[in-house]
There are 2 protein chains.
Amino acid sequence: MYNKGTATRTHIINTANNLFYHQGFNQTSFTDIAQSAGIPKGNFYHYFKTKEEILEDVIQQRIKNIENQLNNIEELNLQPADRIRFFISALKNNKNGFAQYGCPVGSIITELGKTQLALKTKSKMILELIQNWLSSQFQQSGKHKTTANTLSRHIMVRIQGAIVIAHAYEDKSCFTEEINQLLEWIDKEASNAE
Amino acid sequence: MYNKGTATRTHIINTANNLFYHQGFNQTSFTDIAQSAGIPKGNFYHYFKTKEEILEDVIQQRIKNIENQLNNIEELNLQPADRIRFFISALKNNKNGFAQYGCPVGSIITELGKTQLALKTKSKMILELIQNWLSSQFQQSGKHKTTANTLSRHIMVRIQGAIVIAHAYEDKSCFTEEINQLLEWIDKEASNAE
DNA sequence: GTCTATACCTTGATAGAC
DNA sequence: GTCTATCAAGGTATAGAC
């Protein structure tokens, strides 16, 4: 059953998602979102009372997308260590966006982390989702829990760092090279018995 | 000879520097800076015509500070590889600020990199200054230029990544641990002959 | 559910008296 | 060099007709 209201709402969330990524949260106004979505401002408030509400829905949508992506990887019949490699290699598909706009998650956390802690905490859940999944793969490959947590955090650090530097230098090849180094590091760590 | 005008100007730059770090550039208004500095807004415009101008001076001041810091390290009579270790270890003194506000340089580049490219390019000079110094140390320790550039960039990646994650998780120990891992990595790389 | 009009506030920026 | 008063633009948010 087609539900116009839900479709409009989803349309707003998708529009806001892109604008938050490309312009930042605070630099994106209601007017920006309404205009990009092709919806008059008045109607807009029928769906969302505040910009915070939109961000919360944007985060929920991103979480769903990443969960789907991770579930798809799980269905590929790979070994846990290869799932990790697959996930990280797939990031290279986003290299253009990373070099131009930074990480959709990392950049918004950096922005909100200064003065909007409640919203930042919610955004942080996306990072935790990914790190927990990585840690789970390491544990399935035989690592102890504490080791798996350290390794997965280290991967997060290097991914975020590679994106920050690629964005700063507007150089996507720098992201690719750092990710390839990271993949080599994983090969070494994965073969370490424990 | 005491020059009131210059002192006021410096006072404004220092105030703005802190506010840009703690609140972000776009989230810091003229009123914020004027109030924090204890200067009426009207007088304020006597010193700076636009917020962009203030940022440019803030960046220049940060560059001078870092140049001083690097020069001090050079005077310590250390081997090049030890200068690198010294610089990176010293970052641990800032761990509280990193966990609470992120990297003063990285976070502003991430913010400005989305829609204010001219200002971002100027901020980026701070990163380049540090990376060039690191690369120079590697070259002095016998590495080839291209190798030195890759190694220094990798250090920048891991520092920025460690700060982003420490900031996201509001966990300074996470920064310290990643920096310690980085120092171990440097020990290994420095001993590699070339 | 859709849209227009508008109220109210904060922002960057200026004019001009002292 | 210092300060008050003020402006125009743009922001969030609402009221209410359709």
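Letters A, B, ... mirror the listed sequences (proteins, then strands); counts begin at 1.
Rounded to an integer number of Å, the gap from CD of B:Q27 to C1' of C:dT11 is 12 Å. Distance A:H11 NE2 to C:dG1 P: 15 Å, rounded to the nearest Å. Rounded to an integer number of Å, the gap from A:Q35 CD to D:dG10 P is 11 Å. What separates CD1 of B:I54 from P of C:dT11 is a distance of 14 Å, to the nearest Å. Protein atom CG of A:N26 is 19 Å distant from nucleotide atom P of D:dG10, rounded to whole Å. The CD1-C1' distance, from A:I33 to D:dT12, rounds to 12 Å in whole Å. B:Q23 places its CD atom 10 Å from the P atom of C:dT11, with the value rounded to the nearest Å. If you measure from atom NE2 of B:H46 to atom P of D:dC3, you get 12 Å, rounded to the nearest angstrom.
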Report, one line per pair, each donor and acceptor closer than 3.5 Å where one atom sits in a side chain of residues 48-55 of chain A; sequence neighbours left out.
| unit_1 | atom_1 | unit_2 | atom_2 | d |
| --- | --- | --- | --- | --- |
| A:T50 | OG1 | A:E53 | N | 3.2 |
| A:K51 | NZ | A:F25 | O | 3.1 |
| A:K51 | NZ | A:T28 | O | 2.7 |

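Using modelled atom types and a 3.5 Å distance limit, the side chains of B:S136 and B:Q140 yield a donor-acceptor pair.
With B:V157 as reference, A:E178 is the one residue of A:Q160, A:E178, A:E177 to meet the side-chain contact (heavy atoms from CB on, under 4.5 Å) rule.
When distances are taken from the side chain of B:T31 to each of C:dT11, D:dT2, C:dT4, the shortest belongs to C:dT11.
Using the six-membered ring where Trp is involved, A:F44 and A:F30 have ring planes that are perpendicular, over 60° apart on the 30 and 60° scheme. Between B:F175 and B:F98, the ring-plane angle classifies as perpendicular under the 30° and 60° cut-offs.
Atom CG in A:N132 sits 7.5 Å away from atom OG in A:S152 (nearest 0.5 Å).
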Check nucleotides 13-18 of chain C against the protein and report each pair of N or O atoms closer than 3.5 Å, with its distance, or say if there are none.
| unit_1 | atom_1 | unit_2 | atom_2 | d |
| --- | --- | --- | --- | --- |
| C:dA13 | N7 | B:Y45 | OH | 3.0 |
| C:dA13 | N6 | B:K41 | NZ | 3.4 |

